[in-house]
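Inspection log for the structure reproduced underneath, given as structure tokens.
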Amino acid sequence: MKLSRRQTLQLGFGAFLGAGCAHDMSQVTGLALSEPPKDFPVKGQLSLKQRAAAKGIIFGAAGNYQALTQDTDYAQVFAENCGMLVPENELKWAALRPSPDRFDFTSSDWLAQFAKQHGMLFRGHTLVWNQSNPEWLKDTTAQNAEQVLIKHIDTVVKHYAGRIHSWDVVNEAIAADWSKRDDRLHFTTQWFKLLDKNYIDIAFKAAGAADPNAMLVYNDGYLNYDTPHDNEARAAVLKLLEWLKSRNAPIHALGVQGHLDAADKRFNQKKFRDFLSEVAGMGLKILLTELDVSDRYLPADLEVRDRAVAQTYEEYLSVALDERAVIAVLTWGMSDRYTWLTNYSPRSDKLPVRVLPYGADLRRKLAWNAIARAFDAAPKR
Ligand code: XIL
């Protein structure tokens, strides 16, 4: 009998734990598939995008205008490795909409051009979010909300029609930790207050009408771990996807934000893998968006830190890439020189964080090897 990669992983995993465990993965949390060698060896010279492409997967990253325009060494590393560029902030309302009647595409257009010039796909993040909005949006009323939302989506999506791979149409609509609603929707956001849950449906329909060829994605975070919060969030996401389909909204994929923490041992391979299967079973593709691995709670020692971060990348990607509906892996940045975690999730010892494939010195770290190894081991799409 030929074992699927997943079965092999499970057996390897069970063997690692001792006999009898392989059949009950639900009890298992936070252990490696198997201990990778300490130096995470990688064969050959191919870049990350080439290794991914060999398996029918897209590899890319978030990049921002400031870093990519000012730092040519970084821009080179970025273009060498990425088959897709996601503007980190430039397509959010705060960047695009200086006033209710103006659209400013200057920095996002530069990024689209940079992507094109280097043969990268271009991806949109995000048309609706509760954050990074301009002040004037607060003046929107129940009377004009739908019109304001549709005008934004229609203009922005048409602007990039024919040059965009996919759009995160709605980002982070769920607040599983505190929303008392059955559907766990984040009900204090402005769009929810003005349009109720319908804002999500309206947004997808407006995006689909503006560009029938773009892949339309619902993107959300805190879906990775076996915690009460994440378990609720995964269930809520499945319900939201079903609801969107029942409303005939054009939705093609789920974006799973991968903001991981190397010290968090609550990753449950089976639960996460089953979740991806359920999403795939709904006929949706999956993109692993916003992948990075915080080293905030790891010891200071560089080797220990880099290994633990690399191990987290490899374990997570090995489980996720086993699902053939996963078509893209996107890290939230390429180098520790430019990562939001420097401010958002700093270390208490103030040491620079080491969370992305390249160090601040633009040298590859073990995290790069770990991602490469996961692509090399992944089944073909
Ligand atoms: C972050 C950017 O990286 C920061 O530069 C910005 O200040 C705030 O937003 N989830 C998302 C992303 O969907 O848009 C966020 O990006 C990170 C969390």
Side-chain angles (χ1 to χ4, degrees), residues 9 12-13 16 30-55 57 59-63 73-74 76-83 224-225 258-267 269 272 288 290-322 329-342 345-347 349 351-378:
L9 291 178
F13 194 71
F16 180 65
L31 289 165
L33 296 168
S34 60
E35 206 67 39
K38 283 185 166 181
D39 54 348
F40 292 80
V42 167
K43 292 199 189 86
Q45 303 297 320
L46 298 181
S47 66
L48 292 179
K49 70 175 169 192
Q50 290 169 323
R51 289 172 199 269
K55 301 300 170 66
I57 303 165
F59 174 77
D73 294 340
Y74 171 69
Q76 196 185 334
V77 163
F78 195 100
E80 262 169 32
N81 281 281
C82 292
N224 302 302
Y225 287 105
H259 297 297
L260 306 177
D261 182 331
D264 197 329
K265 296 298 169 208
R266 295 170 297 176
F267 182 60
Q269 297 175 4
F272 187 62
L288 305 177
E290 306 189 25
L291 184 56
D292 52 21
V293 179
S294 172
D295 65 349
R296 158 168 220 183
Y297 299 110
L298 295 176
D301 184 279
L302 281 191
E303 270 185 39
V304 172
R305 255 204 283 167
D306 283 0
R307 273 190 205 131
V309 167
Q311 169 109 21
T312 305
Y313 273 109
E314 187 162 336
E315 180 185 10
Y316 181 74
L317 287 176
S318 304
V319 173
L321 294 178
D322 182 53
V329 175
L330 305 153
T331 49
W332 204 241
M334 268 314 275
S335 155
D336 297 334
R337 195 180 279 189
Y338 307 107
T339 162
W340 74 308
L341 294 177
T342 297
S345 210
R347 294 175 55 86
D349 59 14
L351 285 173
V353 299
R354 294 177 66 83
V355 298
L356 287 168
Y358 282 81
D361 56 5
L362 296 183
R363 288 162 67 146
R364 281 181 194 173
K365 297 184 308 175
L366 293 182
W368 188 100
N369 294 42
I371 298 170
R373 285 163 56 88
F375 286 138
D376 292 350

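The structure displayed is predicted, hence computed values, not measured ones.
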Check the pair Val42, Arg51 against side-chain contact (heavy atoms from CB on, under 4.5 Å), reporting the backbone distance first and the verdict last.
-> CA-CA 11 Å; Val42 167; Arg51 289 172 199 269; 3.3 Å; yes
Does Asp336 pair with Arg354 as a salt bridge, N-O distance under 4.0 Å?
-> no
For a quick test of reading the model, state the closest non-hydrogen atom pair linking [X] to [Y] and the distance between them.
X: Arg373; Y: Pro36; result: NH2-CB, 3.6 Å
X: Tyr74; Y: Met334; result: OH-N, 3.8 Å
X: Pro357; Y: Gly333; result: CD-O, 4.3 Å
X: Arg305; Y: Asp295; result: NH1-OD2, 2.6 Å
X: Leu356; Y: Leu291; result: CD2-O, 4.1 Å
X: Asp301; Y: Val304; result: OD1-N, 2.9 Å

Would you check, one step at a time, whether the test side-chain contact (heavy atoms from CB on, under 4.5 Å) holds for Leu321 with Phe375?
-> CA-CA 8 Å; Leu321 294 178; Phe375 286 138; 3.8 Å; yes
Expected output: side-chain Lys49 to main-chain Gly60 donor-acceptor under 3.5 Å = no
Judged by atom type as modelled, is there a donor-acceptor pair below 3.5 Å linking the side chain of Arg296 to the main-chain atoms of Pro346?
->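 Yes; judged by distance alone, with no hydrogens or angles, the pair exists.
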Nearest 0.5 angstrom please: [X] [atom1] to [Y] [atom2], how far?
X: Arg307; Y: Glu314; atom1: CZ; atom2: CD; value: 13.5 Å
X: Lys38; Y: Leu366; atom1: NZ; atom2: CG; value: 11.5 Å
X: Lys365; Y: Ser335; atom1: NZ; atom2: OG; value: 8.0 Å
X: Thr312; Y: Asp264; atom1: OG1; atom2: CG; value: 9.5 Å
X: Leu317; Y: Asp322; atom1: CG; atom2: CG; value: 12.0 Å
X: Asp73; Y: Phe78; atom1: CG; atom2: CZ; value: 15.0 Å

Modelled atom types, side-chain donor and acceptor of Tyr316 and Asn224, under 3.5 Å | yes
Do Asn81 and Tyr358 meet the criterion of a side-chain donor-acceptor pair at a distance under 3.5 Å?
->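 There is such a pair (donor and acceptor under 3.5 Å, judged by atom type) between the side chains of Asn81 and Tyr358.
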Kindly indicate, with the supporting measurements, whether the criterion side-chain contact (heavy atoms from CB on, under 4.5 Å) is fulfilled by Ile371 and Thr331.
-> CA-CA 10 Å; Ile371 298 170; Thr331 49; 4.2 Å; yes
Criterion side-chain contact (heavy atoms from CB on, under 4.5 Å) on Arg364 and Val77, from CA distance to verdict | CA-CA 10 Å; Arg364 281 181 194 173; Val77 163; over 6 Å; no
4.5 Å side-chain heavy-atom contact, Trp368 and Leu48 | yes
